[in-house]
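Here the structure is a predicted model, which is why all the values come from computation and not from measurement.
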Amino acid sequence: MPQLSLFDAVGNPKPKKRLFLLGCAYDGQKGKAYLKLLDTKTGEVILWYDNTDHKPYCFTNIPLERLENNEALKQAGAVAFEHVEKYDAISDGKITMTKIIASDPLAVGGSKKSIREQIDCWEADIPYHLNYLFDNQLIPSLIYAADENGTLTPELADDNVVDEILKRFFKTVSEQEAEELRKWLKILEAEQPRIEFIALDIEIIGESATRVPSPSHPEDRVAAISLASSDGLNLVLLLGKAQQGVENPTEFKIEYFDNEQAMLRRCFEIIEKYPIIVTFNGDDFDLPYLKNRGEKLGIEREKIPIMLGREGATLRTGIHLDLYRFFMNKSIQIYAFDNRYREHTLEGVATALLGVGKVPLTKTLAELTPLELAEYSYRDAKLLHDLITMNDRLVLRLIAVIARIGRTPMEDVCRHGVSGWIKNLLYWEHRRMNWIIPRKEDLLQVKGQVSTKAVIDGKKYRGAIVVEPIPGIHFGVIVLDFASLYPSVLKEANLSYETVRCPHEECKDNLIPETDHWVCRKKRGIQSLIIGSLRDIRVSWYKVKAGDKSLDAEQRSWYGVVQRALKVFLNASYGVFGFEEFPLYCPPVAEGVAAVGRYVFKQAIEKAKALGIQVIYGDTDSIFLKTDKPELIEEVVKWAKSTFNLDLEFDKTYVYVVFSRRKKNYLGVTDKGVVDVKGLTGKKRNIPVFIKEAFDDVLRQLSEVKSEEDLERVKANIRNSISTWYRRLKNRELDIEQLAFRVMLSKTPERYEKTTPPHVKAARKLQQNNIKVVAGDIISYVKTKDKDGVAPVQFARLENIDVDKYIEYMRSTFEQILDPLEIEFDSIIGVSSLESFL
DNA sequence: ACCTCTGGCTGGATAT
DNA sequence: ATATCCAGCCAG
């Protein structure tokens with residue numbers, strides 16, 4: 001690769017061109033590679049493209065001769081082409097280059113297969129040339145310095161800074177671990193540019209109100225295009241004429257068009273200027289619709305900046321982030337946003353995260369006045385804009401940091417799930433180390449078996465232990481938990497797909513408890529090293545800094561973002577090995593992690609008991625302890641560190657905690673006054689609002705209990721609360737909405753074949769009344785006295801409500817906390833029904 | 001096309 | 001009537 005030339009002819013330093021890599025892709029079947037780069041100074045987006053005849057060309061603003069000088073790209077194309085040629089020529093049964101290529105789906109698209117007898121990829125010392133694609137340096141979403149030849153050098157965090165962090169925050173690490181930690185810190189601490197973006201949303205108005213607009217056959221006109229950008233553009237492009245005598249909105253501007261083609265042209269001109277386009281479901285709807293509609297209306301192809309791919313839509317220059325797909329991602333929903341939203345609609349996500357929803361409509365789009373349509377449409381773009389900018393651009397920074405950790409382009413971070421990110425991360429490491437990437441079927445053949453039986457029918461292997469709780473109310477309970485237990489186990493037990501059931505005879509006695517799997521003693525496992533390092537970085541650096549009050553809010557929030565992103569990876573790092581579709585699917589790894597986890601967990605409980613501590617409850621990695629001697633707790637913690645090198649940490653103290661006989665069901669009040677409710681029906685989000693409110697009333701009472709003496713007084717108040725709500729129900733002094741169960745349809749109603757749960761019944765009634773229902777919708781229904789026993793809330797009347805069913809539901813909800821407190825539900829409602837006679 | 005895992009509780013539908 | 005399965009939601 002040519003060296004960077006930083007000085008001009010007279011010796012003055014030349015300004016480096018700083019490029020932000022938005023994305024890169026390599027198409028193995030066609031042998032094409034391309035990069036999308038953003039000039040961080042000018043904001044200009046550049047596309048580099050390479051094809052197999054080794055004559056790179058570009059169709060944006062880089063001169064051809066500059067690209068022809070790009071050695072990395074030329075080499076990549078040449079190497080790939082050569083491999084494909086070789087692959088087709090060789091067909092014997094030995095381990096040859098053919099098989100190496102065949103083992104990587106990126107190289108040949110997985111079209112032909114050869115059989116290899118045995119997997120010994122971790123021993124193989126065969127170079128894998130595709131490593132050199134992009135000189136093995138390009139991580140999507142990093143900043144690069146580019147010289148005039150187009151040679152890219154990553155701008156990582158400063159070595160001195162990284163060494164300082166290592167020295168101060170990571171005490172006892174091996175040289176290998178230090179190297180790994182250094183590598184991560186250089187990436188994670190590297191600068192992030194503040195990129196401009198534009199949010200886009202379109203409205204279609206059809207000839208008939210019932211027809212669903214089709215992006216592939218865009219018959220209906222685009223009536224409005226709303227845009228909201230990071231640099232202050234707030235605009236609605238509207239088909240039609242301005243109404244006379246109507247005041248213009250202040251929040252945004254309207255441009256009127258009498259020609260749809262002209263409107264689309266204007267839209268394309270605008271969005272082409274932005275490096276990031278944000279949509280909600282733009283992969284499947286907005287962008288394909290705009291492109292196809294544009295072509296249908298006769299706009300020249302080169303004037304339409306949208307490209308449609310197999311997986312979604314993107315921009316010729318610039319990248320497209322589909323927030324629908326991002327927010328739908330379960331890991332993001334749970335770990336990044338604490339499960340704060342439930343529905344995967346713009347309305348659901350925005351209401352939960354921003355507190356603002358879509359503009360409510362009482363008529364169809366076609367019936368709206370131009371101004372109303374503009375306002376409706378603009379709100380959607382505005383919501384998208386706000387979702388991106390909230391909490392100091394949390395969403396954008398999260399996407400970028402996941403891209404860096406997972407070596408996944410930002411667009412793909414939105415499109416793929418966590419298994420895709422981890423796949424990319426592991427593949428990257430394989431290439432870097434010149435390892436063969438095993439084919440799935442080969443790996444499965446050698447390491448497919450499991451040796452434990454799951455507790456639950458239909459599961460593949462045994463998981464965690466849940467300790468039978470001691471029922472009743474317990475005061476002064478201390479909770480300890482193992483910090484990131486499973487990632488720590490991966491690290492400490494050297495678990496990885498290549499180290500579990502390794503080929504060495506000498507290792508076969510290194511058994512994992514309760515299984516017949518053994519673990520390699522000779523080599524450090526790749527997953528163990530990577531996840532171990534990420535865990536250490538999260539715990540020792542980012543979590544510490546995120547909670548460091550001496551830093552300003554903005555900095556803390558940045559550490560918080562990285563910390564969250566790491567958490568997503570760590571939490572999935574074990575599960576992916578038990579996921580059939582994961583390309584490195586290896587059940588013994590998942591099974592081994594769970595088995596070691598169980599072993600450690602059991603030992604900890606035994607240790608506590610041996611010290612005379614009472615064990616109230618425990619689940620997977622947490623134990624609830626009660627003792628008069630706090631120093632014993634400290635002893636358990638020290639024991640865990642010295643025996644297993646695991647961090648068993650103090651989590652919290654409960655002033656009191658209430659258990660029924662049920663596992664994963666309890667209520668506790670911490671010494672900080674926080675009420676923890678776990679698993680109880682009263683906490684679930686599908687239950688009627690009135691029960692939730694009644695439950696919250698009771699919780700408020702319980703949070704005041706500080707001692708055993710308080711309890712009796714509070715018990716009386718609890719009885720009052722419940723009986724008040726009971727009376728309201730009995731007298732039907734509630735809104736129908738408050739009585740609604742809200743349950744999600746996991747598939748379209750027709751596809752429920754084996755059973756018809758209540759919410760599906762209700763959904764079918766909606767369909768009969770021509771209300772569209774799709775998978776993912778949350779159905780609100782109430783229990784009624786008519787034949788089916790349920791009715792969608794829209795059609796229900798208060799007189800028809802089956803009050804007895806609701807009383808039963810109240811009973812089962814409250815008994816979960818009343819039983820251990822020795823309060824009889826029946827005695828409460830008995831009293832109140834007597835009162836209601838008086 | 002996409003989808004990390006197992007354990008545990010609930011109500012209700014369905015089978016016996 | 002009772003057991004079993006299905007589906008949804010939650011804990012970790």
Quick check for you: name the first and last nucleotides of DNA chain C, 5' to 3', having an atom under 4.0 Å from a heavy atom of chain A. C:dC6 to C:dG12
Just call it for A:Arg342: base, sugar-phosphate, or nothing, with non-hydrogen atoms closer than 4.0 Å on any strand. sugar-phosphate
In terms of side-chain heavy atoms, does A:Thr345 have a donor or acceptor partner in A:Glu343 at a distance below 3.5 Å? no
Regarding A:Lys663, tell me which of base, sugar-phosphate or nothing describes its non-hydrogen contacts under 4.0 Å with the strands shown. sugar-phosphate
Between A:Tyr289 and A:Ser214, is there a side-chain donor-acceptor contact under 3.5 Å, judged purely by atom types and distance? no
Please tabulate, one pair per line, all N/O donor-acceptor pairs under 3.5 Å involving side-chain atoms of residues 567-575 of chain A, not counting sequence neighbours.
{"from": "A:Asn571", "atom 1": "ND2", "to": "A:Lys567", "atom 2": "O", "distance (Å)": "3.1"}
{"from": "A:Ser573", "atom 1": "OG", "to": "A:Leu570", "atom 2": "O", "distance (Å)": "2.7"}
{"from": "A:Tyr574", "atom 1": "OH", "to": "A:Tyr461", "atom 2": "OH", "distance (Å)": "3.2"}

Rounded to whole Å, how long is the line connecting atom NZ of A:Lys664 with atom C1' of B:dT6? 8 Å
Output the distance between atom CZ (A:Arg742) and atom CD1 (A:Ile779), rounded to the nearest 0.5 Å. 12.0 Å
Take atom OH of A:Tyr666 and atom C1' of B:dG8, then tell me their distance rounded to the nearest Å. 14 Å
Figure out the CZ/C1' separation between A:Arg811 and B:dG11, and round it to whole Å. 15 Å
Compute whether any side-chain donor of one residue and acceptor of the other, for A:Thr681 and A:Gln816, lie under 3.5 angstrom apart. yes
When rounded to the nearest 0.5 angstrom, what is the spacing between CG in A:Leu625 and CD1 in A:Ile623? 4.5 Å
Roughly, in whole Å, what's the span from CD1 in A:Ile456 to C1' in B:dC9? 11 Å
Using atom C1' in both nucleotides, what's the gap between B:dT4 and C:dA11 to the nearest angstrom? 16 Å
Can you tell me if the side-chain N/O atoms of A:Gln816 get under 4.0 Å from OP1 or OP2 in B:dT10? yes
For B:dA13 and A:Lys761 - does any side-chain N or O of the residue sit under 4.0 Å from the phosphate oxygens OP1/OP2? yes
Hey, does A:Ser331 reach any base, or is it just sugar-phosphate, or nothing, if we go heavy atoms under 4.0 Å? base
For residues 676-686 of chain A, which residues have at least one heavy atom under 4.0 Å from DNA chain C? A:Val677, A:Lys678, A:Gly679, A:Lys683, A:Lys684, A:Arg685, A:Asn686
Any donor-acceptor N or O pair under 3.5 Å, side chains A:Thr408, A:His416: no
For A:Arg325, which contact category applies under a 4.0 Å heavy-atom criterion: base, sugar-phosphate, or nothing? nothing
Can you see if the side chain of A:Ser573 gets near the phosphate of B:dT4 - specifically, an N or O under 4.0 Å from OP1 or OP2? no
Find the distance between NE2 (A:His517) and SG (A:Cys586) and round it off to the nearest 0.5 Å. 8.5 Å
With heavy atoms under 4.0 Å as the rule, sort A:Gly575 into base, sugar-phosphate or nothing. base
Applying a 4.0 Å non-hydrogen cut-off, can you work out what A:Tyr461 is touching in the nucleic acid: base, sugar-phosphate, or nothing? sugar-phosphate
What is the separation between atom NZ on A:Lys459 and atom P on B:dT4, rounded to the nearest whole Å? 14 Å
Within residues 738-757 of chain A, those residues having any heavy atom closer than 4.0 Å to DNA chain B are A:Lys754, A:Thr755, A:Thr756
Check whether more than 12 heavy atoms from other residues, nucleotides or ligands sit under 6.0 Å from atom CD of A:Glu649, and answer yes or no. yes
Euclidean distance, atom NZ of residue A:Lys567 to atom P of B:dT4 [Å, nearest integer]: 17 Å
Can a side-chain donor-acceptor contact be found between A:Gln527 and A:Glu429 if the only test is distance below 3.5 angstrom? no
ring-ring contact (aromatic ring centres under 6.0 Å, His included) for A:Phe741 and A:Tyr809? Distances and angles first, verdict last. CA-CA 11 Å; A:Phe741 290 85; A:Tyr809 210 90; 4.9 Å; yes
Using a cut-off of strictly less than 4.0 Å between a heavy atom of the residue and any atom of DNA chain B, enumerate the qualifying residues of residues 689-696 of chain A by number. none
Assess whether a salt bridge exists between A:Glu591 and A:Arg462, defined as any Lys/Arg side-chain N lying under 4.0 Å from an Asp/Glu carboxylate O. no
Looking only at the aromatic ring of each residue, does the gap between the centers of A:Tyr666 and A:Tyr617 stay below 6.0 angstrom? yes
Where the side chain of A:Val576 is defined as all heavy atoms beyond and including C-beta, which of B:dT4, B:dT6, B:dG8 is the nearest nucleotide? B:dT4
What contact category does A:Ala454 fall into here, base, sugar-phosphate, or nothing, at under 4.0 angstrom with non-hydrogen atoms? sugar-phosphate
Verify whether one side chain among A:Thr499 and A:Asn494 offers a donor that lies under 3.5 Å from an acceptor in the other. no
I'd like to check the ring pair (Phe, Tyr, Trp, His ring centres under 6.0 Å) partners of A:Phe327; sequence neighbours left out, ordered by chain and number. A:Phe337, A:Tyr341
Length of the OH-P vector between A:Tyr324 and B:dC3, whole Å: 13 Å
Nearest-Å distance, CZ (A:Phe326) to P (B:dA1)? 23 Å
